[in-house]
Trainee: 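I have a structure here, written as structure tokens, and I will follow up with some questions on it.
Naming convention: chains lettered A, B, ... in sequence-line order (proteins, then strands); numbering from 1 in each chain. Atom set for the values below is all heavy atoms of this structure, side chains included, hydrogens, waters and symmetry mates excluded. As the structure is a prediction and not an experimental result, all values here were calculated from the model.
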Amino acid sequence: MSETNANDLMSLCKRRGFIWPSFELYGGVAGMYDYGPLGCSLRNNIVEVWRSIYKGREGFVEIDSETVNPREVFKASGHVDEFADLLTYCTKCQSPFRADHLVKDFYENADVLSAKQLEEAFVEHNIKCPDCGGDLGPVEEFNLMFKTHIGPGSARVGYLRPETAQGIFVNFPNLYRYNREKMPLGVIQTGRSYRNEIAPRQGMIRMREFNQMEVELFVDPEDKDWPRFHEIENETLDLIPNTTCEPVTMTVKEAVEKGVIANRVLAYFVYTTKQLLVRVGIDPSRLRFREHLQDEMAHYAADCWDAEVLLSYGWTEIVGIADRGCWDLSRHAEFSGTDLTHFKMFDEPREVTVDKIRPNHKALGPAFKGKAKAIAAAMEAAPLSSVKDGRLTINVDGEDIDLGPEFFEVATVTEKVAGERVIPHVIEPSHGLDRIFYSVLEHAYTHDEKEDYTVLRLAPAVAPIKVGVFPLMEKDGLDTLAHEVYEKVHSHRVEAYYDGSGTIGKRYARMDEVGTPWCITVDYDSLPNGSSPGTVTIRDRDTTEQKRIPMEKAAEIIDALLDGMPFAEL
RNA sequence: GCGAUUGUAGUCCAGCGGUUAGGACGGGAGCUUCCCAAGCUUCUGACCCGGGUUCGAUUCCCGGCAAUCGCACCA
């Protein structure tokens, strides 16, 4: 799409009520947008398609968690420490600089230096303000999270969440129980997230307050298959692997077998993402999946793919699909001190024979009196390797105790083990809703230069208005009749729009511009005429073709069209 | 954040140191048996915010906010 068209699209969005820059009344704030009535409908419709796939087809469960979180959550997730840039300000002209960038000529990896090391580096290499030559001030952390306080005073530090995912991770015990302690466990959540971007750019592509649709699928680490994989294994994907960085088209099955995508469940959801995006109207020829480069991938990620679409801004990431391993649950387990494992039952309970240290209580009691209990416990906990030359040394309350063979025996015992505890792995398809929304608009936008005519070719499933209803003229009872048709057709699912003003052509144009797939016009043949029932015309947006249908079947026919019946079959 | 450019009705543009700031498109009302932005009448509505220079600023200067492009940055 050309830059001119992108500008036209933005003004269309503003004019017709898709999106409005926020707070325009007060001058606006960069990186913030409000959704107007049509935008809100379009966005909701996109969410519905997403929900129909994950909640409907896959049977995942949906939750809605808080946007303000206490600090602990993001300490565990790593956002407090990692989600920050180190800045320094010139003491003379106050200009801010990325501290690591100022010293990058002197270090291989300047971005790993701490604030203190950076300050020392300024002195060592005599670095001054690049703008005015003034002295640089202390290095400070600028965290990209919005900070706040929970409750009065500064009692508890909170942050606005930078992603919705953590709300799912911290609810893992509840969700696990809800799912009757079974894996896999799929959870979805949509909602707002917040990032205090330093310099938001590119319209809706980088927003400070944005909408996500996140999916966290918890799976058995040893079972990265997916039951429905075979249904889609021969479908194709356009991929850019990080090994060659060259675009390649292959089937889902091939991608897994050749090791391009790490495993079957990840590959399944890469393809699911393609299904979702195509269904909401992304042009498949402007869609590709790019694997994160090794240094781009989070250190814990097993594999990560971005869905990228071609926009007027260039190739833009709109969905990330990652195998995050056990990272998230491990971190929350560590920081919260709660067990976040899955108890994985073996098919058959296993008999395990182990050598164990067994304390001789009869001897320990008289010899150690009150300490005997603690010593026995320590002996049971001690590894077998601490027995040397028939003697065992253990440590109780800082005191080394040497025990002779009379105090214990090493016995071979057989135990029944029903299963094992594993930390589930997480497959995360994370969708930027606003980016998808904008991409859908760009890919739907068509403009005929010669006619100076704009049509948004939105998929009927996401189109905000499904049907326009017009009287050919607002007189002779046609308007009354058209209102009746409108009443019959309009519902929560099928948004209809009555328009009787201006000429008929203008009304079609108005509907084409906002992507309404069909228009019904009431004309003189619609008026009751003896025994023959009235008919109306229905017009298809993309072909402008018209057909006559019985007026009383209008609602039913729109329903059928929405369910996918081709217009040609009317 | 830096550099360049810019900010005038809902949208796109014109204009000026000095009375009522123009136009086009849009929107409203009305007329015309009106099926693809037809015509006519009529109405509607704007100088981004703050400070300075000046008798007087939408216009010139400074600052802020916002936008576009380039650079930098980007879970």
Trainee: Going by modelled atom types, is there a donor-acceptor pair between the base of B:rC35 and the side chain of A:Y508 at under 3.5 Å?
Mentor: yes
Trainee: In whole Å, I'd like the distance from the CZ atom of A:R548 to the P atom of B:rC35.
Mentor: 12 Å
Trainee: Is there a salt bridge (Lys or Arg N to Asp or Glu O under 4.0 Å) between A:R15 and A:D8 once you walk through the steps?
Mentor: CA-CA 10 Å; A:R15 197 158 35 83; A:D8 288 348; over 6 Å; no
Trainee: List in chain and number order the residues that pass salt bridge (charged side-chain N to carboxylate O under 4.0 Å, His left out) with A:D303, two or more places apart in sequence or in another chain; answer none if no residue qualifies.
Mentor: none
Trainee: Run the ring-centre check on A:F218 versus A:F172 and record whether the distance is less than 6.0 Å.
Mentor: yes
Trainee: Classify the angle between the aromatic ring planes of A:Y54 and A:F60 as parallel (below 30°), tilted (30 to 60°) or perpendicular (above 60°).
Mentor: tilted
Trainee: Would you tabulate the nitrogen or oxygen pairs shorter than 3.5 Å linking the protein to nucleotides 67-70 of chain B?
Mentor:
unit_1, atom_1, unit_2, atom_2, d
B:rC69, N4, A:R201, NH2, 2.7
B:rG70, O6, A:R201, NH2, 2.7

Trainee: Name the nucleic acid region contacted by A:E317, choosing base, sugar-phosphate or nothing; use a 4.0 angstrom heavy-atom cut-off, strictly under.
Mentor: base
Trainee: Side-chain contact, heavy-atom cut-off 4.5 Å: A:D512 with A:T454?
Mentor: no
Trainee: Would you say A:I188 and A:M213 make side-chain contact, with heavy atoms under 4.5 Å?
Mentor: no
Trainee: Report the secondary structure of RNA chain B in dot-bracket form, marking unpaired bases with a dot and bases paired to a different strand with |, and treating Watson-Crick or G-U pairs with both distances under 3.5 Å as paired.
Mentor: (((((((..((((....[...))))((((((.......))))))...(((((..]....))))))))))))....
Trainee: Rounded to whole angstrom units, what separation is found between the NE2 atom of A:H292 and the C1' atom of B:rC74?
Mentor: 12 Å
Trainee: How far, in whole Å, is B:rC25 from B:rC60 if one measures between their C1' atoms?
Mentor: 33 Å
Trainee: Compute the centroid of each ring, for A:Y498 and then for A:F470, and state whether the two points are separated by less than 6.0 Å.
Mentor: no
Trainee: Using a cut-off of strictly less than 4.0 Å, decide whether A:K506 has a side-chain nitrogen or oxygen near OP1 or OP2 of B:rG26.
Mentor: yes
Trainee: Any donor-acceptor pair under 3.5 Å linking the side-chain atoms of A:T521 with those of A:Y508?
Mentor: yes
Trainee: Could you measure between the two P atoms, the one in B:rC12 and the one in B:rA37, and give it in whole Å?
Mentor: 24 Å
Trainee: Give a yes-or-no answer on whether the side chains of A:D525 and A:T535 include a donor-acceptor pair shorter than 3.5 Å.
Mentor: no
Trainee: Can you name the salt bridge (charged side-chain N to carboxylate O under 4.0 Å, His left out) partners of A:E24, sequence neighbours left out?
Mentor: A:K14
Trainee: Using the P atom in both, what is the distance from B:rG28 to B:rG50, to the nearest Å?
Mentor: 33 Å
Trainee: Side chains of A:L42 and A:Y35: does their closest heavy-atom pair fall under 4.5 Å?
Mentor: no
Trainee: Report the distance from atom CE of A:M511 to atom P of B:rC35, rounded to the nearest whole Å.
Mentor: 19 Å
Trainee: Could you tell me whether A:Y26 contacts a base, only the sugar-phosphate backbone, or nothing, with contacts defined as non-hydrogen atoms closer than 4.0 Å?
Mentor: nothing
Trainee: Give me the distances for all protein-to-nucleotides 44-52 of chain B N/O pairs that come in under 3.5 Å?
Mentor:
none

Trainee: Rounded to the nearest angstrom, tell me the gap between atom CD1 in A:I549 and atom C1' in B:rC35.
Mentor: 15 Å
Trainee: Judged by each residue's nearest nucleotide on RNA chain B, which is more toward the 5′ side, A:T537 or A:R208?
Mentor: A:T537
Trainee: Are there any protein N/O atoms within less than 3.5 Å of an N/O atom in nucleotides 28-34 of chain B, and if so, which ones and at what distance?
Mentor:
unit_1, atom_1, unit_2, atom_2, d
B:rU33, OP2, A:K475, NZ, 3.4
B:rC34, O2, A:I504, N, 3.0

Trainee: How long is the line joining CG of A:D540 and P of B:rC36, in whole Å?
Mentor: 16 Å
Trainee: To the nearest angstrom, how far is A:L25 atom CG from B:rA66 atom C1'?
Mentor: 14 Å
Trainee: A:F146 vs A:Y194 aromatic rings, parallel, tilted or perpendicular, using cut-offs 30° and 60°?
Mentor: perpendicular
Trainee: Run the salt bridge (charged side-chain N to carboxylate O under 4.0 Å, His left out) test against A:R541 and tell me which residues pass, sequence neighbours left out.
Mentor: none
Trainee: Write down the distance between CG (A:D452) and P (B:rC13), rounded to a whole number of angstrom.
Mentor: 14 Å
Trainee: If the plane angle is over 60° it's perpendicular, under 30° parallel, otherwise tilted; pick one for A:Y438 and A:Y313.
Mentor: tilted
Trainee: Can you classify the ring geometry of A:Y486 versus A:H490 as parallel (below 30°), tilted (30 to 60°) or perpendicular (above 60°)?
Mentor: parallel
Trainee: Expressed in whole Å, how much space separates the C1' atoms belonging to B:rG1 and B:rU58?
Mentor: 30 Å
Trainee: Rounded to whole Å, how long is the line connecting atom CE of A:M145 with atom C1' of B:rC74?
Mentor: 16 Å
Trainee: Give me the residues of residues 433-443 of chain A where at least one heavy atom lies under 4.0 Å from an atom of RNA chain B, by number, or none.
Mentor: none
Trainee: Considering only the C1' atoms, how many Å lie between B:rC31 and B:rG18, rounded to the nearest integer?
Mentor: 43 Å
Trainee: Taking B:rG22 as the reference, what is the distance to B:rU8 when you measure between their C1' atoms (whole Å, please)?
Mentor: 11 Å
Trainee: Sticking with atom C1', work out how far B:rA72 lies from B:rC2, rounded to a whole angstrom.
Mentor: 8 Å
Trainee: So, are A:E308 and A:R290 salt-bridged, with charged N and O less than 4.0 Å apart?
Mentor: yes
Trainee: Output a table of nitrogen or oxygen pairs between the protein and nucleotides 8-11 of chain B separated by less than 3.5 Å.
Mentor:
unit_1, atom_1, unit_2, atom_2, d
B:rU11, OP1, A:K14, NZ, 3.0

Trainee: When you measure only distances, ignoring hydrogens and angles, does the side chain of A:R539 come within 3.5 Å of the base of B:rC35 through a donor and an acceptor?
Mentor: no
Trainee: Only counting residues at least two apart or in another chain, list the ones meeting salt bridge (charged side-chain N to carboxylate O under 4.0 Å, His left out) with A:E474.
Mentor: none
Trainee: Using the C1' atom as the point on both nucleotides, what is the distance between B:rG26 and B:rC55, in whole Å?
Mentor: 41 Å
Trainee: What residues form a side chain to side chain contact (heavy atoms under 4.5 Å, CB included) with A:T544, not counting sequence neighbours?
Mentor: A:R539
Trainee: Tell me every residue that passes ring-ring contact (aromatic ring centres under 6.0 Å, His included) with A:F169, counting only those two or more places apart in sequence or in another chain.
Mentor: none
Trainee: Taking atom types as modelled and ignoring hydrogens, do the side chains of A:H292 and A:N242 form a donor-acceptor contact shorter than 3.5 angstrom?
Mentor: no
